[in-house]
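Shown below is the structure under consideration.
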Amino acid sequence: MMLTRLKAKSERKVAKQICKVVLDHFEKEYSRELGDAWHTVRDILTSPSCWQYAVLLNRFNYPFELEKDLHLKGYHSLFQGSLPYYPKSMKCYLSRTPHRMPSERHQIGNLKKYYLLNAASLLPVLALELRDGEKVLDLCAGPGGKSIALLQCAYPGYLHCNEYDSLRLRWLRQTLESFIPQPLVNVIEVSELDGREMGDAQPETFDKVLVDAPCSNDRSWLFSSDSQNAACRISQRRNLPLLQIELLRSAIKALRPGGLLVYSTCTLSKAENQDVISEVLNSYSNIMPVDIKEMARTCSQDFTFAPTGQECGLLVIPDKGKAWGPMYVAKLKKSWTT
């Protein structure tokens, strides 16, 4: 009953317009990089009615009734506990159909019960293997979805959420306030530092670092309302890998020896994904790739992966009935030797 009411409310949507400038640009690049797979990816990315939304339940205000409703509607639990380090405290539900529940309103003093997200965005969070008591840095944290997901996995000793963009920073603060109870807020620090300066500000401080980097964001770019703005974005796109590498250099500096770093983007672009990671691995003798092929094997029921040519990197591509991604995830470890 609850889901039926919510569904009716969510179906009042505004039709999106595809930006031809961006689509033509992607067509050239991704047909070359993805081959035949691009045709399916393009069909899904340009058809918002096919998009799927996962429901991440908030363990700090657990919605037992909603969980029952989701089961009745045929939703299933992500990963079904198949990953060796999948935390029992994280509950995320998926539907095979492109049904979207509305987001809850932000109300001061009331914690939200669930967060809607692209299910693939949980992969970088899970790849971090967060444990209770660890110090963790979310370097590009706005608007806050991955920070929320990290806190569903474990109770960190210290969580530093950094966001340089002022609008995204505002979203981040509101998201944390909406989902996280007061006692836990005390272990969270929010900052507005240029991520490239974090390594110098807090050298070798963190056990785990997540770099969910600014990127081409294929889904939203395809629906840019202003074609002039879109053309400007495309021309500036070639500068993104340099920024991403600089963010990773800063993250590596902030990571303690023995610590794990996860890099992620929501683009299909090889230049922003595999090439960035290759550049970092070639530049550092103390940064090692961590094999995450097992994650792809255990998640193949829910996600479609494109080959990356890297043992430490995965690329989720949207597919029929699995319209998740794009999401690139790479996992690195800082060794004790320099």
Side-chain angles (χ1 to χ4, degrees), residues 10 51-63 66 77-79 86-87 89-95 100-106 111-130 136-156 159-181 184-185 188-192 195 208-221 247 262-267 299 302-303 314 316 318 323-329:
S10 74
W51 295 3
Q52 292 165 265
Y53 298 86
V55 185
L56 178 67
L57 304 186
N58 186 11
R59 66 163 160 167
F60 305 112
N61 188 16
Y62 203 80
L66 176 61
S77 179
L78 179 63
F79 304 130
Y86 186 76
S89 54
M90 178 189 270
K91 291 286 178 71
C92 183
Y93 285 91
L94 316 181
S95 170
R100 176 180 178 150
M101 289 167 48
S103 301
E104 292 176 283
R105 282 213 180 108
H106 174 67
L111 293 183
K112 291 185 180 181
K113 293 182 168 65
Y114 62 90
Y115 187 87
L116 297 181
L117 75 173
N118 185 321
S121 64
L122 291 177
L123 294 178
V125 170
L126 291 167
L128 262 189
E129 300 183 54
L130 187 61
V136 61
L137 168 63
D138 189 351
L139 188 64
C140 312
K146 290 184 178 67
S147 295
I148 294 304
L150 282 165
L151 290 162
Q152 305 303 315
C153 296
Y155 291 98
L159 170 61
H160 190 133
C161 301
N162 181 70
E163 178 53 57
Y164 190 43
D165 180 273
S166 55
L167 177 61
R168 290 170 70 88
L169 179 74
R170 202 156 70 237
W171 286 346
L172 169 64
R173 289 188 192 281
Q174 191 175 92
T175 303
L176 290 170
E177 188 184 315
S178 297
F179 284 89
I180 307 305
L184 200 51
V185 170
I188 301 171
E189 182 178 344
V190 177
S191 64
E192 194 178 0
K208 306 278 169 76
V209 178
L210 174 63
V211 183
D212 186 40
C215 68
S216 296
N217 196 336
D218 298 349
R219 276 192 195 234
S220 68
W221 278 30
L247 288 167
V262 170
Y263 172 77
S264 61
T265 73
C266 52
T267 179
C299 301
D302 291 312
F303 300 105
L314 302 177
V316 178
W324 313 110
M327 181 61 57
Y328 175 77
V329 187

Query - L122 side chain near C92 side chain, heavy-atom distance below 4.5 Å - result: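 L122 vs C92: side chains touch.
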Report task. Mind running side-chain contact (heavy atoms from CB on, under 4.5 Å) on S166 and E192 for me, showing each step along the way? Result -> CA-CA 8 Å; S166 55; E192 194 178 0; 3.7 Å; yes
Query raised in the report: Okay, side chain of N118, backbone of G325: is any donor-acceptor separation there less than 3.5 Å?
Result: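 Yes, N118 side chain to G325 backbone: donor-acceptor pair under 3.5 Å.
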**Report entry** Non-neighbouring partners of R219 that pass salt bridge (charged side-chain N to carboxylate O under 4.0 Å, His left out), sequence neighbours left out
**Finding:**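 Residues passing salt bridge (charged side-chain N to carboxylate O under 4.0 Å, His left out) with R219: none at all.
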Query raised in the report: More than 12 non-hydrogen atoms from neighbouring residues, nucleotides or ligands closer than 6.0 Å to OH on Y164, yes or no?
Result: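 12 or below, so no.
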Requested in this report: Output, in order, the C-alpha distance, side-chain angles, deciding distance and verdict of side-chain contact (heavy atoms from CB on, under 4.5 Å) for M101 and L66.
Outcome: CA-CA 11 Å; M101 289 167 48; L66 176 61; 3.9 Å; yes
**Report entry** F303 side chain reached by M327 side chain, heavy atoms, under 4.5 Å
**Finding:**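 The answer is no; the side chains never approach within 4.5 Å.
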Query - Student check: side-chain heavy atoms of R105 and K112 closer than 4.5 Å - result: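 They are not in side-chain contact.
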Query raised in the report: Hey, does L151 have a side-chain heavy atom less than 4.5 Å from the side chain of F179?
Result: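 No. Closest side-chain heavy atoms not under 4.5 Å.
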**Report entry** Listed partners of E104 passing salt bridge (charged side-chain N to carboxylate O under 4.0 Å, His left out), at least two apart
**Finding:**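 Once residues adjacent in sequence are excluded, E104 has no partner under the salt bridge (charged side-chain N to carboxylate O under 4.0 Å, His left out) criterion.
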Requested in this report: Look up atom SG in C266 and atom CH2 in W221, then write down how far apart they are to the nearest 0.5 Å.
Outcome: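 Taking SG in C266 and CH2 in W221, the distance rounds to 10.5 Å.
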**Report entry** Separation between CH2 of W324 and CG of L94, rounded to the nearest 0.5 Å
**Finding:**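 One gets 5.0 Å once the value is rounded to the nearest 0.5 Å.
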Query raised in the report: With side chains defined as the heavy atoms from C-beta onward, is the minimum distance between Y263 and L139 less than 4.5 Å?
Result: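 Side-chain contact under 4.5 Å: no.
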Query raised in the report: Out of curiosity, L150 CG to L126 CG, how far, rounded to the nearest 0.5 Å?
Result: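 It comes to 9.0 Å.
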Report task. Please step through side-chain contact (heavy atoms from CB on, under 4.5 Å) for the pair V136 and L210, ending with a clear verdict. Result -> CA-CA 8 Å; V136 61; L210 174 63; 5.7 Å; no
**Report entry** Student check: side-chain heavy atoms of P326 and T267 closer than 4.5 Å
**Finding:**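 No, too far: nothing below the 4.5 Å cut-off.
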Query raised in the report: Any side-chain heavy-atom pair from P102 and L116 closer than 4.5 angstrom?
Result: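 A side-chain contact is absent here, since even the closest heavy-atom pair is not under 4.5 Å.
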Query - Heavy-atom closest pair, residues M90 and C153 - result: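 The answer is CE-SG, 3.3 Å.
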Query raised in the report: Just by modelled atom types, is the E129 backbone N or O under 3.5 Å from a matching donor or acceptor in the K208 side chain?
Result: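 A pair under 3.5 Å: yes.
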Query raised in the report: Does the side-chain contact (heavy atoms from CB on, under 4.5 Å) test come out yes or no for L176 and V185, once each step is laid out?
Result: CA-CA 8 Å; L176 290 170; V185 170; over 6 Å; no
Query raised in the report: Which atom pair, heavy atoms only, marks the closest approach of P124 to A120?
Result: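 Heavy atoms of P124 and A120 come nearest at CD-O, 3.5 Å.
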Query raised in the report: Looking at CD1 of I180 and CZ of F60, how far apart are the two atoms once the value is rounded to the nearest 0.5 Å?
Result: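 Answer rounded to 0.5 Å: 5.0 Å.
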Query - side-chain hydrogen bond (donor to acceptor under 3.5 Å, both in side chains) contacts touching residues 137-150 (sequence neighbours left out) - result: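 Listed once each, the pairs are D138-S147, K146-D212.
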Query raised in the report: Mind checking whether P63 and N58 have side chains closer than 4.5 Å, heavy atoms only?
Result: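 They are not in side-chain contact.
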**Report entry** Interatomic distance, S178 atom OG to N61 atom CG [nearest 0.5 angstrom]
**Finding:**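 Answer for the OG-CG pair, S178 versus N61, is 11.5 Å.
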Query raised in the report: Which pairs pass salt bridge (charged side-chain N to carboxylate O under 4.0 Å, His left out) with one or both residues in residues 165-174, sequence neighbours excluded?
Result: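 Only E163-R168 qualify under salt bridge (charged side-chain N to carboxylate O under 4.0 Å, His left out).
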Query raised in the report: Got a second to check how far L314's CG is from Y328's OH, nearest 0.5 Å?
Result: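 Rounded to the nearest 0.5 Å, the CG-OH separation comes out at 8.5 Å.
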Query - Pairing residues for A154 by the side-chain contact (heavy atoms from CB on, under 4.5 Å) criterion, not counting sequence neighbours - result: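 By the side-chain contact (heavy atoms from CB on, under 4.5 Å) rule, A154 matches L130, D132.
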Query raised in the report: Mind checking what makes side chain to side chain donor-acceptor pair (under 3.5 Å) contact with S191, not counting sequence neighbours?
Result: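 S191 satisfies side chain to side chain donor-acceptor pair (under 3.5 Å) with H160, N162 once adjacent residues are dropped.
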Query raised in the report: Any idea which heavy atoms bring L172 and C161 closest together, and the distance?
Result: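 The answer is CD2-CB, 4.0 Å.
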